[in-house]
Asker: 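Quick one: structure below, then a few questions.
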Number of protein chains: 2
Amino acid sequence: MVETDELLSIRAAELYYEENKTQDEIGQALHLTRWKVGRLLSQAKAKGYIRIEIVHPRARRLPIERRLREERGLDDAIVVSSAGVDSADEVQVRTAQAAADYLTALRPVPRTLGVSWGRTLHLVAGHLRQGWASGVGVVQINGGVSLNRRAGTAAATAVAIAQKGAGHATLLPSPAILERIETKRAIESDRVVAGVIEQARSASAYLFSAGAADHGSVHVESGYLAASDVDELVRKGAVGDVVGRYIDPDGNIVDPALDARTVGLTLDELRNADHAIAVIAGRSKHAVADAVVRSGLCTVLVTDEETALHILDG
Amino acid sequence: MVETDELLSIRAAELYYEENKTQDEIGQALHLTRWKVGRLLSQAKAKGYIRIEIVHPRARRLPIERRLREERGLDDAIVVSSAGVDSADEVQVRTAQAAADYLTALRPVPRTLGVSWGRTLHLVAGHLRQGWASGVGVVQINGGVSLNRRAGTAAATAVAIAQKGAGHATLLPSPAILERIETKRAIESDRVVAGVIEQARSASAYLFSAGAADHGSVHVESGYLAASDVDELVRKGAVGDVVGRYIDPDGNIVDPALDARTVGLTLDELRNADHAIAVIAGRSKHAVADAVVRSGLCTVLVTDEETALHILDG
DNA sequence: GCGGTTCATGCTCAGATGAGCAGGGCGGAT
DNA sequence: ATCCGCCCTGCTCATCTGAGCATGAACCGC
């Protein structure tokens, strides 16, 4: 009889969802009372036979967001649907869009916003609307002067965010990673640099992404690290980087010596922030995303469905 | 504003379908009246942003069935869901199951059922329940004595269907295709054979499948045709076979000479039947399935979702 | 400017649905 | 054999939802 009930619940679901019959009509068709039909329907839902999906580039996944908040202790989570998406780029674009939306709707509007840089943040900046805020201060939280080509994308990101928010950007005039620790100390003792970092520390919110530990990393592309350096970091357990600092699955610094040569906010400073918004999308970043959330590096996560499910269910 | 409405309808849909809020609650959350929310919801449905799928091996696709009836003039159609199916075999099993269900529920119960044979029908026979009918006559409608191995599967199918339906099977003691037309004439003039064919002609319903025109065909496997023969048939436009007779996309006999050497019901006899149930599943049979339906070879089609959509939308 | 048209909005009302409850059948324990 | 408790069923009632309608704003051509 349980077998029959299961079949019946499927028949009922077909008539209800695909043929738009009322439960009463279904009852007549299957020789059941309408209450029985209602129960079969909720049974079908409970057993997961009914899958409802919202297919839209801007669609979110609220139940997953809720789980992230409840099971991972995030203050907030934005999970974009990856339904009907073929390319990894598309996923990143949707996530960036969502991050821009979140930032626009963020209340209270942060007086000063600390930002990192990279491909993802560049996209976020691009999706922000002119006038998303009125007079926001934007400050870079990690070094970003490129060593070779693509110079200025880091600066451009911060400037774009500030300009569209009718504010001004404070740039951190320093490379991300220095060759020698002495140089790093020297740069940090520079009054301008020290001032910017001080300002970064006092930002009311942070917006940053994370990089995967692979050869496609911006650090390799920008010339801060060689491909072999990344291999070495991976060997030591690195899953990716946050504001230029490479971490293992538990969020610990993988290479303290390298970390000491990295300019910008430290991870602990980030962890103590009230509003730390991480924007992380794409399959290659599943591991870092997990590390970021696990180790409390962010209070708010903006990501895609697959990454979120990876974080939740491993 | 239209852009905003679209976004709103998505937000509303998320809250309604993923969070189980009432339209009223959503209205409060989004500062809308509940009527506006209702309209946004139907808009989201109309634009196809809401996708509802029933995920179950026994699930059917009623809207597609309806389209097959209305747009292709079938008396009835059974379309099984191919959601969550990985293997082609699984699709065939589901379809066979559905065909068995259909046969069991068929009213009036056919006094005599004409059946063909093949892998699909064998599965159907296997899924029939003991006692699906009480006293049904089963008669083979095309030759099926195997020339080499696997002897008897054709007979076994008919016998199983009859036995489970508490009836008896009448076998057609003849090969499917003969080498020379004279032999075919001789066999057909045999009293027993002629009697069986006569009985087949007067069956009250037919159950048959179709084969793809490829080297995996049962005709090749059984030794009736060489792989090169099939290639030649394809060159002449064959998309597959029904009761051993190869047809082109319009349902016409591809090779009249070969057809004349084929023993069993003719296609026109099948076309004139009141109840001709075709069971066709799998991607490799899309073309034949289309030909069968287009040329009116069946009144009832049992198939899978993908094949049905191929028939409907090309 | 003006009349006409279109369209979105908020409403009434009836139909559809879900929550919770009483009655009764069934199986197991004593 | 009898009692007890569980679960399934069909019910009442309150809530939710969709259809259809009147209103008024916006838009268009004249």
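Convention: sequence-line order gives letters A, B, ...; per-chain numbering from 1.
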Asker: Nearest whole angstrom, please: distance from the P of dA8(C) to the CG of Leu8(B).
Answerer: 14 Å
Asker: So which protein nitrogen or oxygen atoms get under 3.5 Å of nucleotides 14-17 of chain C's nitrogens or oxygens?
Answerer:
{"residue": "dT17(C)", "atom": "OP1", "partner": "Tyr16(A)", "partner atom": "OH", "Å": "2.9"}
{"residue": "dT17(C)", "atom": "OP2", "partner": "Gln23(A)", "partner atom": "N", "Å": "2.8"}

Asker: Please identify each residue that fulfils side-chain contact (heavy atoms from CB on, under 4.5 Å) with Lys21(B), with sequence neighbours left out.
Answerer: Leu15(B), Glu19(B), Glu25(B), Ile26(B)
Asker: Name the one of Leu106(A), Val115(A), Asp76(A), Val124(A) that satisfies side chain to side chain contact (heavy atoms under 4.5 Å, CB included) with Ile277(A)?
Answerer: Leu106(A)
Asker: So, the side chain of Glu65(B) versus the backbone of Val79(B): is there a donor-acceptor pair under 3.5 Å, distance only?
Answerer: yes
Asker: Nearest whole angstrom, please: distance from the C1' of dG10(D) to the CG of Leu40(A).
Answerer: 14 Å
Asker: What integer distance in Å separates Lys36(A):NZ from dC7(D):P?
Answerer: 15 Å
Asker: Please, which pairs that meet side chain to side chain donor-acceptor pair (under 3.5 Å) have at least one residue in residues 98-110 of chain B, sequence neighbours excluded?
Answerer: Arg58(B)-Asp101(B)
Asker: Send over the distance from Leu32(B) CG to dC11(C) C1', rounded to a whole Å.
Answerer: 16 Å
Asker: Enumerate, atom names and distances included, each donor-acceptor pair closer than 3.5 Å involving a side-chain atom of residues 291-309 of chain B, sequence neighbours excluded.
Answerer:
{"residue": "Arg294(B)", "atom": "NE", "partner": "Asp290(B)", "partner atom": "OD2", "Å": "3.1"}
{"residue": "Ser295(B)", "atom": "OG", "partner": "Arg271(B)", "partner atom": "NH2", "Å": "3.3"}
{"residue": "Ser295(B)", "atom": "OG", "partner": "Ala291(B)", "partner atom": "O", "Å": "2.8"}
{"residue": "Thr299(B)", "atom": "OG1", "partner": "Ala276(B)", "partner atom": "N", "Å": "3.0"}
{"residue": "Thr299(B)", "atom": "OG1", "partner": "Ala276(B)", "partner atom": "O", "Å": "3.4"}
{"residue": "Thr303(B)", "atom": "OG1", "partner": "Ile280(B)", "partner atom": "O", "Å": "2.5"}
{"residue": "Asp304(B)", "atom": "OD1", "partner": "Gly282(B)", "partner atom": "N", "Å": "3.0"}
{"residue": "Asp304(B)", "atom": "OD1", "partner": "Thr307(B)", "partner atom": "OG1", "Å": "2.6"}
{"residue": "Asp304(B)", "atom": "OD2", "partner": "Glu306(B)", "partner atom": "N", "Å": "3.2"}
{"residue": "Asp304(B)", "atom": "OD2", "partner": "Thr307(B)", "partner atom": "N", "Å": "3.2"}
{"residue": "Asp304(B)", "atom": "OD2", "partner": "Thr307(B)", "partner atom": "OG1", "Å": "3.2"}
{"residue": "Glu305(B)", "atom": "OE1", "partner": "Arg61(B)", "partner atom": "NH1", "Å": "3.3"}
{"residue": "Glu305(B)", "atom": "OE1", "partner": "Ser82(B)", "partner atom": "N", "Å": "2.9"}
{"residue": "Glu306(B)", "atom": "OE1", "partner": "Arg283(B)", "partner atom": "NE", "Å": "3.3"}
{"residue": "Glu306(B)", "atom": "OE1", "partner": "Arg283(B)", "partner atom": "NH2", "Å": "2.8"}
{"residue": "Glu306(B)", "atom": "OE2", "partner": "Arg283(B)", "partner atom": "NH2", "Å": "3.3"}
{"residue": "Thr307(B)", "atom": "OG1", "partner": "His286(B)", "partner atom": "NE2", "Å": "3.3"}

Asker: Side chains of Arg11(A) and Leu30(A): closer than 4.5 Å at any heavy-atom pair?
Answerer: yes
Asker: With distance as the sole criterion, do the side chain of Arg39(B) and the base of dG18(D) form a donor-acceptor contact below 3.5 Å?
Answerer: no
Asker: At 10 degrees resolution, what angle do the end axes of the helix from dG1(C)-dC30(D) to dT30(C)-dA1(D) form when each is taken over five base pairs?
Answerer: 30°
Asker: Trp35(A) has an atom CH2; how far is it from atom P of dC21(C), in whole Å?
Answerer: 17 Å
Asker: Within a reach of under 6.0 Å around NE2 of His122(A), are more than 12 heavy atoms found that belong to other residues, nucleotides or ligands?
Answerer: no
Asker: Suppose we screen for side-chain contact (heavy atoms from CB on, under 4.5 Å). Which residues come up paired with Asp24(A), at least two apart in sequence or across chains?
Answerer: Thr22(A), Arg34(A)
Asker: Could you tell me the separation between the CD atom of Gln43(A) and the P atom of dT9(D), rounded to a whole number of Å?
Answerer: 10 Å
